[in-house]
Trainee: 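Take a look at this one; I'll ask things after.
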Amino acid sequence: MNSQEKIIAAKAIALVDVNNCYVSCERVFNPKLNGKPVVVLSNNDGCVVSRSAEAKALGIKMAGPWYQIKDLAKKHGVIALSSNYSIYGEMSNRFMSILGDFVTRAEQEIYSIDECFLDLTAYQQLFDITEYAQQMRQRVNQWIGLPVCIGIGATKTQAKLANHFAKTHPDLDGICNWLTMEDAVKNEWLLKTPVREVWGVGRQNTKSLEAIGIYSIADLIASNPMQIKKRFSIVMARTVMELQGIPCLELETAPPAKQQILYSRTFGQRMSDIDALNEIITVFASRAHLKLRQEKAVCTVITVFIMTNRMREQDPQLSKSHSITLSVDTDDLIQIAHAARIALAKIYKTGYDFQKAGIILTGLSAKGRQAQSLFDPEPTDLAKQEALMHALEKVNSRFGRKAVGIGVSAMQGQAWEMNQKARSPNYLTDWNELLRVH
DNA sequence: TCTGGGGTCCTAGGACCC
DNA sequence: TCTGGGGTCCTAGGACCC
């Protein structure tokens, strides 16, 4: 084969992602942040979820608890921002749609808020796909101001890896095409890159791999997938094969139906009282129920979990969950909230400071022609309920008693009309009145 | 005291991802 | 004092049945 000939791979998968996504979004709206160390914090300003290059250079770690780094950050003039997910979501939509212009619908998988896979296999015949990727990168930057890097490989895992190299080698100008790189360079990089950089290899697996002498990505590629499967799992075996260039993971171009709906929060303060937890779980149930409706699905299993703060090793620890399986599919709020309370009662114990709780709806299926429950809120009520819940979060994102109490009262106000048995003395029956309160 | 074997379903929990 | 949230997939082990 002549070296001028184009390299046509069996598959060419690209991974495009936004660099430091949340920080980059903030910078689009506030260019003064450019060139400065910036971090974006999670809910409750708990920990760092996005860092600018300047913040990374200061040694600020991803998911680091903010209270521990605050002093260091202040000293170096780090700008800390609370997260604004609706802005990030909107930017994400535009990002995905710009990339969508370069491929067909069946060639794009939206993988997360800031990443997507593109199948460029068919375009290899037509263009130099490295240049094609460069056009994507420039267009995203020109149109919406977000910086991106692109990795190209024979499989999704290879594309992820190439993307990592695109980020860590500035001379590549944001694009790393694994398919056209020289073997000597590839081998050198694989030898000196630790195995933990591989997609699917986390902390625990890194330890276990090192224990059997696998340190670099080159070591992992040289391993036998069947033996890896025995020692680890089918998942890790797939990772090895994908690194070797054998595709095991399909592009998922139509988002699969959700398998579970989860709503959970860490409390601002610790909580040990069953009544308070009951109120919180009821609010969580209604949030999860809203998502269930938006998904146009029904569920059969309601799971509730509560846990203490694992970080406080000096405190007694408890982490429990309980599932209730209903005999019929439901998307009825009252039924779900009721099951959630029963589940909570099963796992609750006195004498513990709980710090986090959640509800998970599983056994999901598409909603068919199901009879409407008498308890179903009308669509308008649903909208009102959503408005109320947003107001609630705004009023007290840390789940203070007062705000949660009102939220629960709202639900009980609805139930009241049906069963004449409100359990809260301060319930309100009028939605408009509720909304006025906030 | 002795105490099978295989299949299935469910629950709990671990590991990973962004 | 203060350590995110929302997902997926896999596995071990118990309950139950024949």
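Values below: every heavy atom of this structure, side chains too, minus hydrogens, waters and symmetry copies.
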Trainee: Does B:dC16 have OP1 or OP2 sitting under 4.0 Å from an N or O in the side chain of A:Asn205?
Mentor: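 Looking at the OP1 and OP2 atoms of B:dC16, one of them is under 4.0 Å from a side-chain N or O of A:Asn205.
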Trainee: Suppose you measure atom P in B:dT1 against the same atom in C:dC18; what distance do you get, rounded to whole Å?
Mentor: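 Approximately 28 Å lies between the P atom of B:dT1 and that of C:dC18.
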Trainee: Does C:dG6 have OP1 or OP2 sitting under 4.0 Å from an N or O in the side chain of A:Ser264?
Mentor: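 Answer yes for this pair, as a side-chain N or O of A:Ser264 is under 4.0 Å from OP1 or OP2.
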Trainee: Rounded to the Å, how far apart are A:Gln355 CD and C:dC2 C1'?
Mentor: 10 Å
Trainee: Rounded to the Å, how far apart are A:Lys70 NZ and C:dT1 C1'?
Mentor: 10 Å
Trainee: If you draw a 6.0 Å radius around NZ in A:Lys320, do more than 12 non-hydrogen atoms from other residues or ligands fall strictly inside?
Mentor: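 Count not over threshold, so no.
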Trainee: Closest to the A:Asn43 side chain: C:dG4, C:dT11, C:dT3?
Mentor: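 Of all the options, the side chain of A:Asn43 is nearest to C:dG4.
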Trainee: Taking only side-chain nitrogens and oxygens of A:Ser321, does any of them come within less than 4.0 Å of OP1 or OP2 of B:dA12?
Mentor: yes
Trainee: Need one value for A:Val198: base, sugar-phosphate or nothing, where a base atom within 4.0 Å counts as base even if backbone is also close, heavy atoms only.
Mentor: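 A:Val198: backbone/sugar contact only, no base atoms under 4.0 Å.
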Trainee: How many whole angstroms separate atom CD of A:Glu250 from atom P of C:dC9?
Mentor: 14 Å
Trainee: Which value, in whole Å, describes the distance between the P atoms of nucleotides B:dG4 and C:dG14?
Mentor: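 It works out to 15 Å between them.
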Trainee: Just checking A:Arg310: base, sugar-phosphate only, or nothing, at a heavy-atom cut-off of under 4.0 Å?
Mentor: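 Nothing, no nucleic acid heavy atom in range.
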Trainee: Please classify the nucleic acid contact of A:Trp199 as base, sugar-phosphate, or nothing, using heavy-atom distances under 4.0 Å.
Mentor: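 The residue A:Trp199 makes sugar-phosphate contact but no base contact.
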Trainee: Starting the side chain at C-beta, find the nucleotide from B:dC17, B:dC16, C:dC10 nearest to A:Gln204.
Mentor: B:dC16
Trainee: Can you tell me the distance, in whole Å, between the CD1 atom of A:Ile360 and the P atom of C:dG7?
Mentor: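 Atom-to-atom, A:Ile360 to C:dG7, this comes out as 10 Å.
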Trainee: Any strand counts, and the cut-off is 3.5 Å on both contacts for Watson-Crick or G-U wobble. Which nucleotide pairs with B:dC18?
Mentor: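 WC or wobble partner is C:dG5.
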Trainee: I want to confirm an ordering. Mapping A:Gln260 and A:Cys47 to their closest nucleotides on DNA chain C, which one lands closer to the 5' end?
Mentor: A:Cys47
Trainee: For the side chain of A:Val235, counting heavy atoms from C-beta on, which of C:dC10, C:dT1, C:dG4 is nearest?
Mentor: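 My answer, after comparing the listed nucleotides, is C:dC10.
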Trainee: Would you say the side chain of A:Ile144 lies within less than 4.5 Å of the side chain of A:Val28, judging by non-hydrogen atoms?
Mentor: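 When only atoms from C-beta onward are counted, A:Ile144 and A:Val28 do not touch, as no gap falls below 4.5 Å.
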Trainee: Looking only at the side chains, is there a donor atom on one of A:Thr330 and A:Asp332 sitting less than 3.5 Å from an acceptor on the other?
Mentor: no
Trainee: Name the nucleic acid region contacted by A:Glu115, choosing base, sugar-phosphate or nothing; use a 4.0 angstrom heavy-atom cut-off, strictly under.
Mentor: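 Result for A:Glu115 = sugar-phosphate.
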Trainee: Is A:Lys61 close enough to C:dT3 that one of its side-chain N or O atoms is under 4.0 Å from OP1 or OP2 there?
Mentor: no
Trainee: Give the rounded distance in Å between these two atoms: CD of A:Glu242 and C1' of B:dC16.
Mentor: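 In whole Å, B:dC16 C1' lies 15 Å from A:Glu242 CD.
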Trainee: A:Arg196 side chain N/O closer than 4.0 Å to the phosphate oxygens (OP1, OP2) of B:dA15?
Mentor: no
Trainee: Output yes when at least one side-chain N/O atom of A:Thr266 is less than 4.0 Å from OP1 or OP2 of C:dG5, else no.
Mentor: yes
Trainee: Looking only at side chains, do A:Asp45 and A:Ser82 share a donor and an acceptor under 3.5 Å apart?
Mentor: yes
Trainee: Distance only, no hydrogens: is a donor on one side chain within 3.5 Å (strictly under) of an acceptor on the other, for A:Ser112 and A:Asp114?
Mentor: yes
Trainee: In whole Å, I'd like the distance from the CD1 atom of A:Ile306 to the P atom of B:dG13.
Mentor: 12 Å
Trainee: Of all the choices, C:dG5, B:dC18, C:dG4, which nucleotide is nearest to the side chain of A:Arg265 once you look at every atom?
Mentor: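 Side chain of A:Arg265 sits closest to C:dG5.
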Trainee: Rounded to the nearest angstrom, tell me the gap between atom CD1 in A:Ile113 and atom P in C:dG7.
Mentor: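 Distance check: A:Ile113 CD1 to C:dG7 P gives 13 Å.
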Trainee: Between A:Lys258 and A:Tyr22, just flag the one whose closest nucleotide in DNA chain C comes earlier from the 5' side.
Mentor: A:Tyr22
Trainee: Please give, in whole Å, the distance from C:dC9 P to A:Leu249 CG?
Mentor: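 My rounded result for the distance is 11 Å.
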Trainee: Go through B:dC18, C:dT3, C:dG6 for me and flag the one nearest to the A:Lys160 side chain.
Mentor: B:dC18
Trainee: For A:Gln68 and C:dC2, is the shortest distance between a side-chain N/O and OP1 or OP2 below 4.0 Å?
Mentor: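 A:Gln68 to C:dC2 OP1/OP2: no side-chain N or O under 4.0 Å.
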Trainee: Does the side chain of A:Arg312 get closer than 4.0 angstrom to OP1 or OP2 of C:dC2 through an N or O atom?
Mentor: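 So the side-chain polar atoms of A:Arg312 do come within 4.0 Å of the phosphate oxygens OP1 or OP2 of C:dC2, strictly under.
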Trainee: Tell me whether A:Lys186 at atom NZ has more than 12 heavy atoms from other residues, nucleotides or ligands lying less than 6.0 Å away.
Mentor: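 Yes - once you tally the heavy atoms of other residues, nucleotides and ligands closer than 6.0 Å, there are more than 12.
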Trainee: Between A:Gln134 and A:Arg137, is there a side-chain donor-acceptor contact under 3.5 Å, judged purely by atom types and distance?
Mentor: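 Their side chains do contain a donor-acceptor pair, which is all the 3.5 Å distance test asks for.
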Trainee: The side chain of A:Arg270 lies closest to which of these nucleotides: C:dC10, B:dC17, C:dT1?
Mentor: C:dT1
Trainee: Where the side chain of A:Lys356 is concerned, which of C:dG5, C:dC2, B:dT11 is the nearest nucleotide?
Mentor: C:dG5
Trainee: Choosing from C:dC10, C:dG6, C:dC2, which nucleotide comes nearest the side chain of A:Leu262?
Mentor: C:dG6
